[in-house]
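First up is the structure itself, then whatever we jot down about it.
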Amino acid sequence: MKDAIASLLKSTINQLQTVGTLPKTINYQLNIDATKDKSHGDFASNIALALAKQAGMHPRKLAEIIVETIATNKAHDIEKVEIAGPGFINFFLSKAAASAIITTILERKDTFGLNDLGRGNKVQVEYVSANPTGPLHIGHGRGAAIGDSICRLLTGTGHQVTREFYYNDAGQQINNLALSTQARCKGLGPDDDSWPTDGYRGAYINDVADAYMAKETIDAEDKHVTGAANPDDLNAIRDFAVAYLRREQDSDLKAFDVDFDIYSLESALYADGKVEETVNKLIESGHTYENDGALWLKTTHFGDDKDRVMRKTDGGYTYFVPDVAYHAEKWSRGFKTVINEQGSDHHSTITRVRAGLQAMNIGIPEGWPDYVLHQMVLVMRGGEEVKLSKRAGSYVTLRDLIDEVGRDATRFFLVARAPSSQLTFDIDLAISQSNDNPVYYIQYAHARVCSVQRKLIEQNLSWTDADANTLELLVEDSEKALMKRLSQYPEVVTNAAHNFTPHTIANYLRELAGEFHSFYNACIVLDENTELRNARISLSIAVKQVLQNGLRLLGVSAPEKM
RNA sequence: GCGGCUGUAGCUCAGCUGGAUAGAGUAUCUGGCUUCGAACCAGGUGGUCGCAGGUUCGAAUCCUGCCAGCCGCGCCA
């Protein structure tokens, strides 16, 4: 509909140029917005305001001319056109045009709102990417909820999405994990003198050690290991601990309904020679130099505030080298779009990774890859902030939240805010007043429609999809508001996918649910008049369908009863 | 000190590719269930959109400066 108005306006402007009312060369961006206030009609354009100066006349005068010209060739979908305020042109849709959206939704069902804008473009999304040194916490949960929803959005807009989880299984942190587990195997605790420096103090390390000593077999998504029960075999302990924690993370992610196509390991980048290859390319490119016994990359050439060490004096590489190798490998796999969803505390790696990729000079565009960074999650419990510390072992795990708050509410809460906003997760509130959680408000609207449908059968009422004429019986304010809202859904999805902002879906669903509840209280769906009943049921089912479609994009269920 | 993000109602947050009278939830106050699910609805109270300039027909939105908070600034990841 918006497109129809746009082309109508465009041809009108062309016509005005031809007759000389408007200059031959003008600059403008055609803007057509859905209105917020129903007295402003359904759509509004600011075109007269934008062109007033170039046309050399007052905005309202220009608007009048435009509206007069439109009147001669407007489509039957538009009932009337008005000028308002400083010079806005407001479009009022005809009844038929407004209610056509219901028919469209009932026809397209679960594909309504989806499109093929991505045209099969290969996109890779990396998210969570937690190192296997402990259970997933609420911050990982936020990344999982956002990352997964972005994947659903991209898939829904025609992209060919690969979901990927990258983890470090080769660095110092893994060494600390192995040493901590070994210490536990030997019966040591964090307070003992010989406890490893920088060891992980959490009680979960004890579980790992017990399982290792009990020769347990671990089957993680990408690891299969049996405990050797030998406290002196550090390599065996390392392999076992990594597999154990990976298995825990897998099960948490599964409970969260989040999955991956590929698990990438840092160790594999070394084993396959990718790291070495990257280093060689960087040296060949001339962007490196030796200093103080280390090899440096001139990242300052690419916008960094200081150069970075690539190879340490002990011969090992710093973490960003395999990171660069990993992303070069993503590029070589043919992903023109790569999105990394990470916590904002890793923000400094962006410059380094991009600098490394530019320095390799292998045709990667500047500003590749994309990043979506989420801010920290502040956890409140008992009215106090819970400090997260992996080493100290104070923790609010994702598993705790799923168990206490529920998957749907947890996912919704974590995905419903803009990633760039800090988020306060009040556990007591989420548990004790869970009925006030917006996700129930949305699910309730869905369940209500289902209930009406059940009632329909109970009362032996016949029902058919309302035809166009019948749908014109929907004339109440609440009904018109709903139809307008429904018609906005495809654009909301497109924008959310384009901007990587799943939270806008959550906002939309809340508004849709709210308008449905208003409608439900204002109008009897199961009216005695068969025609009106059919029209309202059709509207209700269309709402149910869109709620379902939107919730699926967020990974939240749409229950038929609550 | 440098860089990133944030600052909107008592609280939690939308709105930010400029548009008409700045929104929602919660809290608080008043109403609404003999009738399709009251986990709901209708209405009231509540705002210097951090501060100050600038851009323009128009700024919560864009630009500059300042203030405050969070995060990062390692030959850890």
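By convention in this document, chain letters (A, B, ...) are assigned in the order of the sequence lines, proteins followed by strands, and residues within each chain are numbered from 1. Note that the structure is a prediction, hence the values are computed from the model and not measured.
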| request: Hey, could you give me the CG/OG distance between A:D477 and A:S518, rounded to the nearest 0.5 Å? | output: 11.0 Å
| With centres under 5.5 Å and planes under 30°, do A:F88 and B:A20 count as stacked? | yes
| request: Report yes or no: is the ring centroid of A:Y319 under 5.5 Å from the six-membered base ring centroid of B:C76, with the two planes under 30 degrees? | output: no
Under 3.5 Å donor-acceptor pairs involving side-chain atoms of residues 371-379 of chain A, not counting sequence neighbours:
unit_1, atom_1, unit_2, atom_2, d
A:H374, ND1, A:E341, OE1, 3.2
A:H374, ND1, A:E341, OE2, 2.7
A:H374, ND1, A:Q342, O, 3.3
A:H374, NE2, A:G139, O, 3.4

| task | Applying side-chain contact (heavy atoms from CB on, under 4.5 Å), name anything that partners A:A84, two or more places apart in sequence or on another chain. | result | A:N90
| field | Rounded distance in Å - CG (A:D477) to C1' (B:C41) | value | 15 Å
| said: Between the base of B:G72 and the ring of A:H346 - centre-to-centre under 5.5 Å, planes within under 30° - is that a stack? | reply: no
| said: Suppose the criterion is side chain to side chain donor-acceptor pair (under 3.5 Å): which pairs have a residue in residues 31-49 of chain A, not counting sequence neighbours? | reply: A:T35-A:K484, A:D37-A:S39
| query | What is the distance from CD of A:E511 to C1' of B:A24, rounded to the nearest Å? | reply | 7 Å
| request: Could you check whether A:C523 gets within reach of a base, just the sugar-phosphate, or nothing at all, counting any heavy atom under 4.0 Å? | output: base
| field | Set of salt bridge (charged side-chain N to carboxylate O under 4.0 Å, His left out) partners for A:E248, sequence neighbours left out | value | none
| said: For a quick check of understanding: with a heavy-atom distance under 4.0 Å over all strands, which category does A:D314 fall into, base, sugar-phosphate or nothing? | reply: nothing
| message | Need one value for A:T313: base, sugar-phosphate or nothing, where a base atom within 4.0 Å counts as base even if backbone is also close, heavy atoms only. | response | base
| Euclidean distance, atom CE of residue A:M376 to atom P of B:C70 [Å, nearest integer] | 13 Å
| message | Distance check, C1' atoms only: B:A27 and B:A9, in whole angstrom units. | response | 11 Å
| Can you check the A:I442 CD1 to B:G25 P distance for me, whole Å? | 13 Å
| note | With B for base contact, S for sugar-phosphate-only contact and - for none (protein heavy atoms under 4.0 Å), nucleotides 12-17 of chain B reads SSSS--
| message | The criterion is salt bridge (charged side-chain N to carboxylate O under 4.0 Å, His left out); which residues satisfy it with A:E64, sequence neighbours excluded? | response | none
